[in-house]
2 protein chains.
Amino acid sequence: MDNIEKILSFIVEVEKLKNVHRQTKPVGLERFENSAEHSWHVCLTALMLKDYANDEIDINRVIKMLLIHDLGEIDAGDTIVYKSETHDVKAQETAGINRILSTLPGEMSKEFLELWYEFENGETADARFAKAIDRVTPLLHNIHGGGHSWKTHGITKEQVFSVNQRIEKGSKELWSVMRNKLEDAVNAGILE
Amino acid sequence: MDNIEKILSFIVEVEKLKNVHRQTKPVGLERFENSAEHSWHVCLTALMLKDYANDEIDINRVIKMLLIHDLGEIDAGDTIVYKSETHDVKAQETAGINRILSTLPGEMSKEFLELWYEFENGETADARFAKAIDRVTPLLHNIHGGGHSWKTHGITKEQVFSVNQRIEKGSKELWSVMRNKLEDAVNAGILE
């Protein structure tokens, strides 16, 4: 198969991300979000908030990371952030991203796999900012949606503050604003 | 409202794009695509096919264009490409994008509105490539989905070839491959 055909097959394969359901509902909607529309949303969020990163970042690399960050879920499914660090889930996602990216032409496959690992490891400035952004949108869904996902999964305010404090590693200013919103959510009784 | 709060309000507002339904179904799914997941899909498609652009392009600008290209549909709704050039629809989309982007801080509002107009006008190399990519994914949906949208809307092969030939303005190689796939669709009887 020539390279353009390989890429078009990849483009059809990744459609499956539109059928991977997440744990929160978009603001105003009664259905759960899927990982494809989530990926768009975090790319746009990163682009608009880029000036609030703690360190100098390359927003174009951040967006590329976020475009591919959830592709491993096509095989592994989505897991709520409060439970996602188990060995089995990580192994499934890693196998998934390897399978999917391996269908691309060789050089591209290597480039995007490296970018995915960089995101997962979360150590570079770009990855820290991308990971911070990835945590913000589900918080907004809960804050504007009566804490629906927190309630369904029995997530406590201690868990929410502790897990999402990592936003600070990417953007202190953003965490400061989000922390205030979470405190408002506690005061409103939607986060206990 | 300070800038970070303005941006977070924008991020919540654009969630509405997840509820704008398009005219084709993602490959393998029984439901229609929404414009948010479509936006992710075309960004990823552009990124993977960037080396096939006719002219030198800035893929980062192309991706930014594609991240915002459909935001006007939040107010205007989606219109099938074969009917989208009416004055009324364009006026609604233009009013919509102006309303939505005007909620961003001033400089950002101006920057992204200019980018949106550049995409709409389709004259620069970046915009020509972005517009070419935007046409490819609905073709793949029809090709891999029994021509469902062509049939529903009574779209003829003459219309499909004539409207989509514009892909050539962004990428001759991509149009050549897609034209072959469309000819296969005609031979298979799913495009008449």
Side-chain angles (χ1 to χ4, degrees), chain A residues 2-8 10-19 25-29 31 33-49 51-52 58-61 63-64 66-68 70-71 104-105 108 112 136-137 140-141 143-144 171 173-174 176-178 181, chain B residues 2-8 10-19 25-29 31 33-49 51-52 58-61 63-64 66-68 70-71 104-105 108 112 136-137 140-141 143-144 171 173-174 176-178 181:
Chain A
D2 78 1
N3 284 350
I4 201 164
E5 289 284 359
K6 277 189 187 171
I7 295 168
L8 290 173
F10 168 86
I11 288 306
V12 170
E13 175 66 17
V14 300
E15 293 255 70
K16 292 176 181 165
L17 200 63
K18 298 173 184 168
N19 204 30
K25 298 174 183 177
V27 178
L29 297 187
R31 62 166 179 83
E33 192 183 37
N34 72 60
S35 292
E37 62 195 357
H38 158 73
S39 296
W40 164 75
H41 203 208
V42 288
C43 286
L44 193 59
T45 304
L47 179 60
M48 296 305 172
L49 288 173
D51 295 337
Y52 298 94
D58 179 342
I59 185 61
N60 301 314
R61 291 187 79 246
I63 290 172
K64 284 173 195 167
L66 289 170
L67 282 175
I68 62 158
D70 273 346
L71 290 179
L104 286 169
M108 294 173 68
F112 289 104
V136 168
T137 60
L140 293 173
H141 292 167
I143 289 166
H144 291 272
S171 170
E173 278 184 89
L174 183 56
S176 165
V177 171
M178 293 309 296
K181 289 184 187 296
Chain B
D2 77 0
N3 285 349
I4 201 163
E5 288 283 359
K6 277 188 187 172
I7 295 168
L8 290 173
F10 168 87
I11 288 306
V12 170
E13 175 65 18
V14 300
E15 294 254 71
K16 292 176 181 164
L17 200 63
K18 297 173 186 170
N19 204 31
K25 298 173 183 178
V27 177
L29 297 187
R31 63 166 177 84
E33 191 184 36
N34 71 60
S35 292
E37 62 195 358
H38 158 73
S39 296
W40 164 74
H41 203 208
V42 288
C43 286
L44 193 59
T45 304
L47 179 60
M48 297 304 171
L49 289 172
D51 296 338
Y52 299 94
D58 179 343
I59 185 59
N60 301 314
R61 291 188 79 247
I63 290 172
K64 285 173 195 168
L66 289 170
L67 282 175
I68 62 158
D70 272 345
L71 290 180
L104 286 170
M108 292 173 69
F112 288 105
V136 168
T137 60
L140 293 173
H141 293 167
I143 289 165
H144 291 272
S171 171
E173 279 184 271
L174 182 56
S176 165
V177 171
M178 293 307 297
K181 289 185 187 296

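Letters go in sequence order (proteins before strands), and every chain restarts at 1. When reading the values below, keep in mind they use all heavy atoms of this one structure, side chains included, and skip hydrogens, waters and symmetry mates. Just so it is clear, the model here is predicted, and its values are computed rather than measured.
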Inset, instruction - Mind checking the CD-NE2 spacing from A:Glu15 to B:His141? Nearest 0.5 Å is all I need. - result: 3.5 Å
Legend entry - Euclidean distance, A:Lys64 NZ relative to A:Asp58 CG, rounded to 0.5 Å: 7.5 Å
Inset, instruction - Look at B:Asp2, B:Leu8, B:Ile59 and state which one has the largest set of heavy-atom pairs under 4.5 Å with chain A. - result: B:Leu8
Check whether [X] gets within reach of chain A through its side chain, its backbone, both or neither, counting any heavy atom under 4.5 Å.
X: B:Ile7; result: side chain
X: B:Met108; result: side chain
X: B:Leu67; result: both
X: B:Ile143; result: neither
X: B:Val177; result: side chain
X: B:Glu5; result: side chain

Contact origin within [X] toward chain B - heavy atom pairs under 4.5 Å:
X: A:Leu29; result: side chain
X: A:Lys16; result: neither
X: A:Val14; result: both
X: A:Leu174; result: both

Legend entry - Full working for side-chain contact (heavy atoms from CB on, under 4.5 Å) between B:His41 and A:Leu17: CA-CA 10 Å; B:His41 203 208; A:Leu17 200 63; over 6 Å; no
Inset, instruction - Name the option with the most non-hydrogen atom pairs under 4.5 Å to chain B; the candidates are A:Leu44, A:Asn3, A:Asp51, A:Ile4. - result: A:Ile4
